[in-house]
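Here is the structure we will look at, set down as structure tokens.
When a residue number appears, it is its place in the shown sequence, counting from 1.
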Amino acid sequence: MMKAVWSGAIAAAALLVVSTSAFAQATASGTVNVNANVAARASLAFSSNAITFADADPVATPVMTATALTIDVRARTSNAANVTLTVLASGDLVSGSDSIGIANLTWAAGGAGFQAGTSNSTTAQTVGSWTGSGSPSGTQTYSLPNSWAYNTGNYAVSLVYTLTAP
């Protein structure tokens with residue numbers, strides 16, 4: 001009986017020695033640092049790159065109104081930074097040697113942060129302003145008085161928009 005106990009004990013010890021290698025595990029760990037560089041960005045898109053006023057009788061249409069211009073703004077900046085969209089005219093509306101003062105070109109605005117204004121060729125005028133990153137969309141609808149005093153011609157001016165997202 002003693003032999004059976006010793007045989008069982010030896011068998012159990014042998015089993016324990018063999019099985020410990022099956023339960024033994026090695027672990028290792030490492031660290032990976034993740035860095036993402038997120039810089040300020042600005043993007044500006046228009047529904048059209050031209051604004052056109054159709055000819056009309058000044059009595060029937062005292063103010064000419066162009067089709068609304070849709071403006072899509074995308075800005076990535078710091079949380080409290082001011083994002084600003086401005087427009088500056090290159091001069092007066094000109095046809096040959098004739099001109100219509102740029103201050104006659106005004107706009108109404110629609111959309112959060114967009115505002116109405118009057119065109120200017122010396123000081124950029126604010127079209128919209130927002131705080132922080134985002135992608136607001138709005139409209140500008142330009143108007144021009146339709147005067148009998150204008151000389152005939154095809155009047156033109158360039159409008160330069162600037163989106164600033166510091």
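Ring-centre distance between Trp130 and Phe114: below the 6.0 Å cut-off.
Side-chain atoms of Gln140 and Tyr161, non-hydrogen and from C-beta on, do get closer than 4.5 Å to each other. Residues Thr65 and Thr141 meet the side-chain proximity criterion, which asks for heavy atoms closer than 4.5 Å. Two residues are said to be in side-chain contact when any heavy atoms from C-beta on lie closer than 4.5 Å; Ile102 and Val157 meet this criterion.
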task = Start with the C-alpha distance between Phe53 and Tyr155, add both sets of side-chain angles, then the distance that settles ring pair (Phe, Tyr, Trp, His ring centres under 6.0 Å), and finish with yes or no.
result = CA-CA 10 Å; Phe53 294 100; Tyr155 291 83; over 10 Å; no

Test side chain to side chain donor-acceptor pair (under 3.5 Å) applied to Ser137 and Asp72, step by step = CA-CA 4 Å; Ser137 183; Asp72 294 319; 2.6 Å; yes

ask   = What do the steps show when you test Val73 against Leu44 for side-chain contact (heavy atoms from CB on, under 4.5 Å), and what is the final call?
value = CA-CA 5 Å; Val73 173; Leu44 186 58; 4.0 Å; yes

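Crowding of Asp57 atom CG: a count of heavy atoms from other residues, nucleotides or ligands under 6.0 Å exceeding 12.
Panel note: side chain Ser119, backbone Ala89; no donor-acceptor pair is recorded below 3.5 Å. Judged by distance alone, with hydrogens and angles left aside, the side-chain atoms of Gln125 form a donor-acceptor pair with the main-chain N or O of Thr123 at under 3.5 Å. In this structure, the side chain of Thr61 does not engage the main chain of Val63 through any donor-acceptor pair within 3.5 Å. Between the side chain of Tyr142 and the backbone N or O of Ala108, no donor-acceptor pair lies under 3.5 Å. Side chain of Arg76 to backbone of Ala39: a donor-acceptor contact under 3.5 angstrom is found.
Both Trp107 and Leu163 are part of a single hydrophobic cluster, where members link through side-chain heavy atoms under 4.5 Å apart.
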